[in-house]
Each structure stands twice: as C-alpha cells, then as structure tokens.
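Working notes, structure below.
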Amino acid sequence: MRILLLGASGYVGGALWSEWSARHTVVGTCASRPVPGLVPLDLRDQEALRRLLDQRFDLVVHAAGLVDLSDAERQPELARQLNAASVATLRSAVRGTGTRILLLSTDNVFDGTAETYTEGDERAPVNAYGRSKRAAEDALIGADALVGEDTLVGEDAFAGADTLAGADGRLAGGHLVVRIPLVYGRSPIADRFMARFDGPRTPARTDLVCAPVYLPWLPGALEELWDRSGLLHLGGAQVVTRYELMTRIRDALALPTEVVPVSGDDPLPAPRRPARLVLRSVHHGLLGPGLDTALGDMVRGGPAGRP
C-alpha cells in the first residue's frame with residue numbers, strides 16, 4: 001500500500017513510520033524539525049499539501065498537528081488551523097481520487113463525566129485541543145457521512161453516527177476517524193512521553209483516569225482497522241490513574257526520578273482536563289495490552305506487539 005503519513009516526525013507518527021515502512025511504501029512528513037527521509041511540510045500551506053497529494057496515495061494518515069493541551073489553550077486559532085483546517089484541505093484534495101483518509105483523533109472530545117465512552121456518545125470537549133479535534137472530525141466525516149455534502153452538523157447529528165453505521169462501524173464516504181487515548185511507551189523519533197521522566201521529579205495526576213494505549217501496539221491495531229470507514233475507538237485493556245501509570249513505568253525501568261502525586265487543574269488559562277476518559281468500541285474487540293505485558297516489553301526493549 002502507498003501511504004502518506006502526516007506527522008511522521010512526531011511521537012505517535014514516528015512509531016507508525018518505523019513500523020509501516022517495513023511493509024508499505026510510506027512517504028512521511030515533518031514540520032519544523034528536519035528529519036532525514038521525511039518531507040518538510042507546514043500543514044497551513046494548502047498548496048504544498050495539495051502538491052504532495054499529486055503523488056497519489058492509497059491512504060493518507062493524519063497524525064500531525066498541535067497536540068499539547070497547554071499550547072492549544074494558549075493558541076486556539078493555531079490549533080484550529082493545524083488540527084482541523086488541514087483536514088478540510090485534505091478532504092477536498094482527495095475527493096474523486098479514490099484516496100482514503102485516516103484521521104487520528106482524541107478522547108478529549110469528551111467531557112470525562114461518563115464511566116466509558118463508545119462511538120455513539122455525545123461529544124462535549126472542555127478544552128481547546130478537544131474542540132479543534134471535534135472540528136477535524138466534522139471536517140472529515142461529519143458532512144459526507146452524516147447529513148450530506150458541505151452541511152454543517154451539530155452534536156446531535158454527529159452523535160447519531162452510531163445509529164447510521166452498520167454492525168462493523170462503516171459509514172458512507174470511505175474515510176475513517178480513530179479516536180485514541182493517552183499513549184505511552186518509547187518512540188523512535190520524538191520520545192515525548194519518556195522525556196517526562198528526565199527530571200528529578202515527575203508530577204502525575206491522581207485524579208485523572210484513563211485506559212492508555214501502549215505505543216508499539218498501535219501501528220498494528222490501526223492496520224487491522226484501516227479498511228473500515230466512519231468512526232472507531234481504540235483503548236487499552238487496563239484502567240489506571242495517571243499517577244499509577246507513571247509510577248509503574250518508573251518502577252519497571254528503574255528510572256531515577258520521583259513520581260510526585262498531584263491533583264487538580266492548574267489555574268486558568270491552563271486547560272481543563274477531563275477526569276475520566278475510558279474509550280471502548282462497539283464495532284471491534286481490539287484492546288491494547290495490559291501494563292504487565294507492555295512494561296515487560298519495555299524492559300526487554302522489544303519490538304512492537306501486534307494485536
């Protein structure tokens with residue numbers, strides 16, 4: 001398969017690039033930091049993006065954008081441009097070509113008040129990052145799949161996606177949104193998650209609950225799902241607090257840092273963080289490995305585990 005991977009220099013994108021390049025023809029992009037073998041691209045440059053798409057791909061995977069919640073809160077317009085407007089450009093550029101788009105979205109489109117979230121649940125983002133990703137989802141599948149070409153949709157229409165989809169989660173239009181939660185593990189290019197352990201103290205929230213996904217598992221899981229269309233969730237098997245996750249990783253790898261328990265959001269204008277984000281799917285049975293399996297792999301320095 002011929003794949004364009006936007007954001008191949010990022011934390012998640014780097015892992016996708018490393019794994020998929022062994023089995024597919026992958027053209028990857030980077031942003032401000034040059035990376036050998038990757039194509040520099042500013043997502044705000046619509047013409048450059050369209051020129052790149054002239055090379056014709058079977059699949060475009062959008063794993064790029066502004067992903068730091070604090071940065072998005074400080075610069076909501078930049079978050080909108082990178083996370084949502086770029087998706088609208090992509091969708092327009094591939095129309096009629098047969099190229100499909102897979103957009104990585106986030107659990108932050110939810111407000112964190114429910115026990116779990118499946119694909120049909122109503123979105124209610126509480127921070128700028130989540131709002132930008134909600135707009136990205138609408139730009140890709142909201143119009144085509146739900147209410148017709150170039151029509152703005154509200155929450156009720158999008159929440160109805162689960163009703164409009166078939167038993168396997170497919171929707172009209174051919175494109176796919178996959179929401180993912182917090183991702184942990186080592187990445188080959190931008191090891192943003194492990195950098196959190198670099199200092200003598202590593203703050204970790206005791207009041208934020210998630211079902212995190214082990215990064216080396218993610219490329220294979222997405223490969224299992226990318227022939228579908230519509231909206232799907234991926235989540236990890238184990239539900240933990242951020243503090244539990246960071247402590248388990250520190251202990252398993254014997255890292256020289258103190259994991260410090262903290263709670264509560266920082267004062268405004270810091271982003272609000274949903275308290276409980278546990279993603280589950282009604283359309284497939286894939287779940288990321290539990291912490292024991294993932295941490296064993298990290299200790300061994302082993303390769304990515306496939307679903």
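Hydrogens, waters and symmetry mates play no part in the numbers below; they use all other heavy atoms, side chains included. Because the structure is predicted, anything quoted here is derived from the model rather than measured.
Partner His175 forms a side-chain contact (heavy atoms from CB on, under 4.5 Å) with one of Leu90, Ile101, Val60, Thr99 and no other, that one being Ile101. Checked against Leu215 for a side-chain contact (heavy atoms from CB on, under 4.5 Å), the options Tyr184, Tyr11, Phe193 give a single hit: Tyr11.
The pair Asp265-Arg205 counts as a salt bridge, with a side-chain nitrogen and a carboxylate oxygen less than 4.0 angstrom apart. The pair Lys133-Asp138 fails the salt-bridge criterion, with no side-chain N (NZ, NE, NH1 or NH2) lying under 4.0 Å from an Asp/Glu carboxylate O. Ion pairing of Glu258 with Arg250 is absent here, as no side-chain N (NZ or NE/NH1/NH2) approaches a carboxylate O to less than 4.0 Å. Ion pair Asp292/Arg248 flagged as a salt bridge, since at least one NZ, NE, NH1 or NH2 atom sits closer than 4.0 Å to an Asp/Glu carboxylate oxygen. Using a 4.0 Å cut-off between a side-chain N of Lys or Arg and a carboxylate O of Asp or Glu, Asp54 and Arg51 do not qualify as a salt bridge. A salt bridge links Glu77 with Arg80: the distance from a Lys NZ or Arg NE/NH1/NH2 to an Asp or Glu carboxylate oxygen falls below 4.0 Å.
You'll find the side chain of Leu4 reaches within 4.5 Å of the side chain of Leu53, heavy atoms only. The shortest distance between side-chain heavy atoms of Pro181 and Pro212 does not fall below 4.5 Å. Residues Gln238 and Leu245 fail the side-chain proximity criterion, which asks for heavy atoms closer than 4.5 Å. Between Arg44 and Leu78 there is a side-chain heavy-atom pair separated by less than 4.5 Å. Taking 4.5 Å as the limit, some side-chain heavy atom of Glu137 sits within range of a side-chain heavy atom of Val109. Looking at heavy atoms from C-beta onward, His284 lies in side-chain contact with Arg228 at the 4.5 angstrom threshold. Contact check for Val278 versus Cys210: no side-chain heavy atoms found under the 4.5 Å cut-off. Using a 4.5 Å heavy-atom threshold, the side chains of Leu291 and Val240 count as touching.
The minimum heavy-atom distance linking Ala63 with Gly13 is given by the pair CB-CA, 4.4 Å. Minimum heavy-atom separation, Val177 to Ser105: CG1-CB, 3.8 Å. Smallest separation of non-hydrogen atoms from Tyr214 and Asp297: OH-OD2, 2.6 Å. Of all heavy-atom pairs between Pro271 and Asn127, the closest is CB-CB, 4.2 Å. Taking every heavy atom of both residues into account, Ser132 and Ala79 meet most closely at CB-O, 3.8 Å. Ala135 and Ala84 get closest at one heavy-atom pair: CB-CB, 3.7 Å.
Side chain of Arg100 to main chain of Gly174: a donor-acceptor pair is present (N/O by atom type, distance under 3.5 Å, no hydrogens or angles). Panel note: side chain Arg91, backbone Val87; no donor-acceptor pair is recorded below 3.5 Å. Using modelled atom types, one side-chain atom of Asp121 and one backbone atom of Thr118 make a donor-acceptor pair closer than 3.5 Å. A side-chain donor-acceptor contact under 3.5 Å links Ser86 to the backbone of Leu82. Between the side chain of Trp217 and the backbone N or O of Pro289 there is no donor-acceptor pair closer than 3.5 Å. Judged by distance alone, with hydrogens and angles left aside, the side-chain atoms of Thr206 form no donor-acceptor pair with the main-chain N or O of Tyr243 at under 3.5 Å. Arg276 contributes no side-chain N or O that, together with a main-chain N or O of Val209, makes up a donor-acceptor pair within less than 3.5 Å. At distances below 3.5 Å, at least one donor-acceptor pair connects side-chain atoms of Arg186 with backbone N or O atoms of Met298.
The same ILVMFWY cluster, assembled from side-chain heavy atoms under 4.5 Å apart, contains both Leu295 and Val259. When the side chains of ILVMFWY residues are joined at heavy-atom separations under 4.5 Å, either directly or via intervening members, Leu222 and Leu286 end up in a single hydrophobic cluster. Under the 4.5 Å side-chain heavy-atom criterion for Ile, Leu, Val, Met, Phe, Trp and Tyr, Trp17 and Leu104 are members of the same hydrophobic cluster. Taken together through direct or relayed side-chain contacts under 4.5 Å among Ile, Leu, Val, Met, Phe, Trp and Tyr, Leu234 and Leu182 form part of one hydrophobic cluster. No continuous path of hydrophobic side-chain contacts links Leu102 to Val67 [ILVMFWY only; heavy atoms under 4.5 Å].
With rounding to the nearest 0.5 Å, the separation of CG in Asp111 from OH in Tyr117 is 4.0 Å. The CZ atom of Arg33 lies 9.0 Å from the CG atom of Leu38; values are rounded to the nearest 0.5 Å. In this structure, the separation between CD1 on Ile3 and CG on Leu16 is 9.5 Å, given to the nearest 0.5 Å. Note that CG of Asn108 is 6.0 Å distant from CG of Leu277, once rounded to the nearest 0.5 Å. Note that the OG1 atom of Thr247 and the CZ atom of Arg242 stand 13.0 Å from one another [nearest 0.5 Å]. Within the model, atoms CG of Leu59 and CG of Asp227 stand 10.5 Å from one another, a figure rounded to the nearest 0.5 Å.
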Check your understanding: Could you go step by step and tell me if Arg23 and Glu223 meet the side-chain contact (heavy atoms from CB on, under 4.5 Å) rule?
Key -> CA-CA 11 Å; Arg23 297 185 295 278; Glu223 204 167 356; 2.6 Å; yes

**Study point:** Step-by-step side-chain contact (heavy atoms from CB on, under 4.5 Å) determination, Thr202 to Val260
**Key:** CA-CA 6 Å; Thr202 301; Val260 180; over 6 Å; no

Practice item. Quick one: do Leu176 and Leu103 satisfy side-chain contact (heavy atoms from CB on, under 4.5 Å)? Show the steps, please. Key: CA-CA 6 Å; Leu176 175 64; Leu103 170 67; over 6 Å; no

**Study point:** Residues Val61, Trp20; criterion side-chain contact (heavy atoms from CB on, under 4.5 Å); working and verdict
**Key:** CA-CA 11 Å; Val61 178; Trp20 290 344; 3.8 Å; yes

Practice item. Test salt bridge (Lys or Arg N to Asp or Glu O under 4.0 Å) on Glu73 and Arg272 and set out the steps. Key: CA-CA 9 Å; Glu73 207 69 29; Arg272 290 182 58 199; over 6 Å; no

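Side-chain contact of Ser263 with Asp207: a donor-acceptor pair under 3.5 Å is absent, judged by distance alone. If you check the side chains of Arg179 and His233, you find a donor sitting under 3.5 Å from an acceptor. Side-chain atoms of Glu119 and Ser281 form a donor-acceptor pair, as typed in the model, at a separation below 3.5 Å.
Open room surrounds CZ on Arg56; 12 or fewer heavy atoms of other groups in view lie less than 6.0 Å from it.
Ring-centre distance between Trp226 and His24: below the 6.0 Å cut-off.
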